[in-house]
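Notes for the one structure printed next.
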Amino acid sequence: MKKTPKPRSAGQLLEFLNTEYANLHKKYEDAFWLSYMGDHDYDQVMNTAQAKRDAFRSNAEIRNEVRVMIKKAKSIQKQRLKIWDKFFGLYQTPPDALVIRKKIADLEVSINKIRTSRKEGYIDPTSSQFVAASENKMRTLMRTHSNEAVRQACFQSLEKLPLETLDLYIEVIGKRNEFAHILGYKDFYDYKVHIDENMTKKELFSIFEKIYTKTKYAFDNIRLLEKDKPGLRKPWNFAFMMTGSFTKEEDPYFQFENVISYWGRSMAALGIDFNCGKVTLDLLDRQGKYNNGFCHYPKLVRQEKGKWYKGSANFSSNAIPDQIGSGIQGIHTVFHEGGHATHLINSRQPLVCLNHEYPPSTVSWAETQSMFMDSISSSIEWKTRYAKNDKGESYPFALYEKRLRSVYPLRPLDLMGIMHVVFFEKEIYECKNLNREFVLETARKIARKYFDRSEDSIGVLNVPHIYSWESSAYYHGYGLAELAVSQWRTYFFKKYDYIVDNPKVGKELKKVWSYASLYPAKKLIKMATGRSLSPKDYINGITAPLDKILSRAKHKIERLKQVPILNKPVDLKGKIFIVHGKKKITDNSKSFENMEKKFRIWILSTKKPIV
């Protein structure tokens, strides 16, 4: 006869919840990393681990045990059990919905496998021969290649890529909506925005509709520019004609072999570190690898019996070192994903359910941390201090000014690319009878509204986020984060007058990071900036007069000259591993500087001569 399990105490229950969920989470994340880095032998291992994790999160019996114990527990144990009860409440899922969730996971694996293993490239307009090129490389060529025919060939190839998975995409949208309906939501977007942001769709979309109304006037600026730049509004011409020459001029200052030095020294000067955790970086583009940067946390920060267990983070980028323009994109991504890594590794919350990127964490707050960090590497004062060419010459202010004057008419349209994805997904999830024709026409219609190009495009279907459960109905988080970052930067400039290499800024970041997901995003942004989230600072920034922007940039550079340059060895207080797939490239076991040197040598060895 099976014995009845001995009842657990509040302390034992809390220890069980922390340990069990941490283990289930890590098994899933370990398989996720291997699968998304290109080893598809782990696809089903990942799905099985995900199903076990999801079953734990939706377990009604465990939640009931938590609720019973809340009535008995006292003080801090009662508070922690209430957090677990709220966590389980987010994930309660009927058995029939879990079956659908499994089908969705299988469909997503199929889509990802096709997208990461397909033949990618374009037809050379001169030789009529196929040229192998990844999706990321073709995007870069559209921004930088001097031959319009090559740019157009890349555009045409990119337009064909999503057609191969379109039917699977339609099927997965239907299943996601079916899942949401069982839980009582209107559609999957309604479900995601409620779970991820604790907002209604109406509340969310009204924010972006107001921004669109206030900034769409700048499309007239493009029409005026087109009179002097014939063909500007062709989608394969726009980026090249507006910034292509600047990309080539800037490229020597942003060589990807310098990224570890740039990133590590900037972090150290801010006083930011990895809190004795472990970080793994996989930074180059390759066949089979997921084609967008991301950061996940396999080992979650937690406390048990007074002992702290440190966390870990894995993050990626898709740099192509020998491709003009890829360096600056790669550097931007490393700062962005590195911002994610530092965020939750620096949590001081004892419960694992507060220390990962899933709800109760919110998309917008998570992206605020990463986008704040990449706003540092995008700033003119950072560029003039850190970015140098092979001769040791600093990024010139004259180049910044020339570029700014060229793109200034476009500044109010800065958020259109994000809104383009947001409103595409809104319409797709709201459609009752989804089919190929509706998806393609919606993609074209949304592109016309948010880009106003002279040719239609279904490019939104190449956005990788829409194919994954975790990142679909997610893009709004980048938009809300843009508003939050503008507000946070305004706060810091008013308080300290500078951000780059300011350890006081780093100290405030680490303090707010320590809360992880203990509080809602709305409260966290108010704690960080002293104000509720508002688009005011963002709109003021993108519509500011040109002379004011230039004057402020000069002030930032002069102010930073008063700040000493970090001249001591970098110690980010953590184990850092740089890998390429399953191959280890280097680590910081000897020193950060030794790791940076080995990385530089390796990147240079991968570069091909640019003709």
Side-chain angles (χ1 to χ4, degrees), residues 135 138-145 148-149 151-162 204-247 325 403-428 430 437-463 465-466 475-476 478-479 482-483 535 538-539 541-546 549:
E135 182 180 342
M138 287 189 284
R139 291 189 188 287
T140 304
L141 288 171
M142 281 176 59
R143 294 196 306 271
T144 61
H145 205 288
E148 180 179 350
R151 299 196 302 272
Q152 184 175 4
C154 289
F155 171 78
Q156 290 169 340
S157 178
L158 288 168
E159 290 290 293
K160 294 174 184 176
L161 288 181
L204 174 71
F205 295 129
S206 66
I207 294 170
F208 295 112
E209 285 164 352
K210 289 175 183 176
I211 293 173
Y212 177 81
T213 300
K214 288 179 177 290
T215 58
K216 65 179 180 178
Y217 70 87
F219 284 124
D220 292 339
N221 296 341
I222 296 176
R223 298 272 179 151
L224 288 173
L225 287 170
E226 190 179 26
K227 293 179 180 179
D228 295 323
K229 298 175 183 284
L232 173 65
R233 290 173 55 246
K234 292 179 180 179
W236 56 86
N237 280 347
F238 188 79
F240 175 78
M241 293 180 75
M242 291 304 301
T243 63
S245 62
F246 299 120
T247 300
R403 182 185 180 111
L404 177 64
R405 289 185 181 278
S406 176
V407 302
Y408 177 75
L410 311 181
R411 281 175 65 88
L413 303 176
D414 190 51
L415 213 59
M416 293 297 174
I418 290 173
M419 291 192 284
H420 167 236
V421 182
V422 169
F423 284 94
F424 169 76
E425 289 203 280
K426 174 182 182 292
E427 292 207 22
I428 292 301
E430 289 178 352
E437 290 72 25
F438 182 86
V439 173
L440 295 173
E441 180 49 39
T442 301
R444 297 182 190 107
K445 179 184 72 174
I446 294 292
R448 286 193 290 270
K449 178 175 180 179
Y450 290 98
F451 293 130
D452 190 34
R453 301 292 185 259
S454 61
E455 307 280 339
D456 281 341
S457 173
I458 60 168
V460 68
L461 288 167
N462 281 322
V463 175
H465 299 65
I466 69 175
Y475 235 69
H476 59 264
Y478 296 116
E482 286 278 12
L483 309 186
Y538 173 78
I539 292 174
I542 61 173
T543 60
L546 178 60
I549 297 171

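For this chain, numbers begin at 1 and follow the sequence in order.
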Are the side chains of Glu425 and His465 in contact, using a 4.5 Å heavy-atom criterion? no
On a heavy-atom basis, which atom in Tyr408 and which in Thr543 lie closest, and how many Å separate them? OH-O, 4.3 Å
Report yes if the side chains of Ile458 and Val439 come closer than 4.5 Å at any heavy-atom pair, otherwise no. no
Under-4.0 Å salt bridge between Arg444 and Glu441: yes
Taking every heavy atom of Gly459 against every heavy atom of Ser457, the minimum-distance pair comes out as N-OG, 2.9 Å
Determine the minimum heavy-atom distance between Pro412 and Pro409, stating which atoms define it. CD-O, 3.7 Å
Taking atom CD of Glu455 and atom CD of Glu159, what is their separation to the nearest 0.5 Å? 10.0 Å
Shortest non-hydrogen separation from Met142 to Cys154 and the atoms involved: CG-CB, 3.8 Å
To check you understand the geometry: which heavy-atom pair defines the closest contact between Ala544 and Ile549, and what is its length? O-CD1, 3.7 Å
Per-pair distances, 0.1 Å, donor-acceptor, side chain in residues 236-243, under 3.5 Å, sequence neighbours excluded:
{"from": "Trp236", "atom 1": "NE1", "to": "Glu148", "atom 2": "OE2", "distance (Å)": "3.0"}
{"from": "Asn237", "atom 1": "OD1", "to": "Arg151", "atom 2": "NH2", "distance (Å)": "2.7"}
{"from": "Asn237", "atom 1": "ND2", "to": "Glu148", "atom 2": "OE2", "distance (Å)": "3.2"}
{"from": "Asn237", "atom 1": "ND2", "to": "Gly231", "atom 2": "O", "distance (Å)": "3.1"}
{"from": "Thr243", "atom 1": "OG1", "to": "Ala239", "atom 2": "O", "distance (Å)": "2.9"}

Hey, are the side chains of Ile446 and Val460 touching, using non-hydrogen atoms and a 4.5 Å cut-off? no
Is there a side chain to side chain contact (heavy atoms under 4.5 Å, CB included) between Arg223 and Arg233? Walk through the geometry before answering. CA-CA 8 Å; Arg223 298 272 179 151; Arg233 290 173 55 246; 3.1 Å; yes
Atom CZ of Phe208 and atom OG1 of Thr213: how far apart are they, to the nearest 0.5 Å? 13.0 Å
Between atom CD of Gln156 and atom CG of Leu161, what is the distance when rounded to the nearest 0.5 Å? 12.5 Å
Leu410 vs Asn221, side chain to side chain contact (heavy atoms under 4.5 Å, CB included): CA-CA, chis, key distance, verdict: CA-CA 7 Å; Leu410 311 181; Asn221 296 341; 5.7 Å; no
Determine yes or no for a side-chain-to-main-chain donor-acceptor pair under 3.5 angstrom, with Asp414 supplying the side chain and Ile542 the backbone. no
Tell me, which pairs form a ring-ring contact (aromatic ring centres under 6.0 Å, His included) where one or both residues lie in residues 437-458, sequence neighbours left out? Tyr212-Tyr450, His420-Phe451, Phe423-Tyr450
Approximate separation, where rounding is to 0.5 Å, of Leu461 CG and Ile466 CD1: 5.0 Å
Do Thr215 and Leu415 touch side chain to side chain, with heavy atoms closer than 4.5 Å? no
N/O donor-acceptor pair under 3.5 Å between Ser157 side chain and Ala153 backbone: no
Straight-line distance of Met138 CE to Leu158 CG, nearest 0.5 Å: 4.5 Å
When every non-hydrogen atom of Leu232 is compared with those of Glu226, the smallest separation belongs to CD2-N, 3.9 Å
Sub-4.5 Å side-chain heavy-atom contact between Ile222 and Leu413: yes
Is there a side-chain contact between Asp452 and Met416, using heavy atoms and a 4.5 Å cut-off? no
Taken to the nearest 0.5 Å, the spacing of Lys445 NZ from Thr442 OG1 works out to 5.0 Å
Near-ring test Tyr475/Tyr478, centroid separation under 6.0 angstrom: yes
